[in-house]
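Starting from 1, each residue takes its place in the sequence as its number.
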Amino acid sequence: MSTSQQPDPRDRPARLSVGVVGAGRVGPALAASLQLAGHRPVAVSGVSDASRRRAERMLPDVPMVPPAEVLARAELVLLTVPDDVLPGLVEGLAETGAVKPGQLLVHTSGRYGARVLDPALRAGALPLALHPAMTFTGTPVDVQRLAGCSFGVTAPEELRLAAEALVIEMGGEPEWIAEERRPLYHAALALGANHLITLVAQSMDLLREAGVAAPDRMLGPLLGAALDNALRSGDAALTGPVARGDAGTVAAHVSELRRHAPQTVAGYLAMARATADRALAHGLLKPELAEDLLGVLANGTDGTNGTDGSNGTDGSNGTDGAEGDAR
């Protein structure tokens, strides 16, 4: 085995000077990753004290300057600001003459493609949309997580190879997203990742209420297995009372949630309805069991339709039950 040392990236000639506009959780991590690939961060801008501390931790010795000065110093500029801020920022930079011809201008918004950079394009910039499909902490661990991370890439066709090369240099996997598909792409990621955090946090709260001392330890193996099964098998991985058609169990869940955590009922019912639809469509939920289940979900109660709090002794909805809800 060779004992020769690998060259330090800092010993290689830097290929591009890199600037960051918006020292949130994403920008410093991407700049640090590009630095590992041989590029040279030269400037960063940030407003809040937290941004400044984050930049100092992730990009030590890189000066904090105003956004226009970042563009003046850098050949590759990362615009890592919130989605709603991005269009106005781009227009402002272009109108003030901060954008330089031939400058690579990269934004990391999932919502927008390259078209949001049109004002900078008219000023001569080279527009790229590189969105990492990853959640960020604002700590050095983010750089490690970029290894193997998919990036949603959108750019003019003539810049496609350059965009994909930058992603690969950061350790990521480029995934081409058409301009008109960016909002759908972003909605899909938000649905899966952002809502997952809400669901997990609610689940942990309920487990604490139920007396579980370490809900994170209880949920970890279960959720890890569920996620792995879902990614491997899709809807075939569905389990639980909704997929089985256990209307009584679901009714009991709704009743308990109304008593202990009423703020979670709407979300539980919405997800249960969506789960029931998918389970029916894929043949996991038997149609003969779906009627009572969908009646419970439609009513959003403890499964009763009458004023006397019962549906009959057999647990059905009675002769005037919610057949329409099952169709």
_Heavy-atom closest contact (Met64 atom, Arg52 atom, distance)_ = CE-CG, 3.6 Å
*asked:* Tell me the closest heavy-atom pair linking Val81 and Gly22, and the distance in Å.
replied: CG1-CA, 4.1 Å
I'd like to check [X] versus [Y] (side-chain heavy atoms, cut-off strictly below 4.5 Å). Are they in contact?
X      : Y      : value
Glu173 : Phe151 : no
His131 : His107 : no
Tyr112 : Pro87  : yes
Leu206 : Leu257 : yes
Arg160 : Val153 : no

Would a distance-only check, ignoring hydrogens and angles, find a side-chain to backbone donor-acceptor pair under 3.5 Å from [X] to [Y]?
X      : Y      : result
Asn229 : Ala237 : no
His282 : Arg278 : yes
Gln103 : Lys100 : yes

*Polar contact flag, side-chain donor to acceptor under 3.5 angstrom, Arg73-Ser17*: no
*Any chance you could measure His186, atom NE2, to Ser109, atom OG, to the nearest 0.5 Å?*
6.0 Å
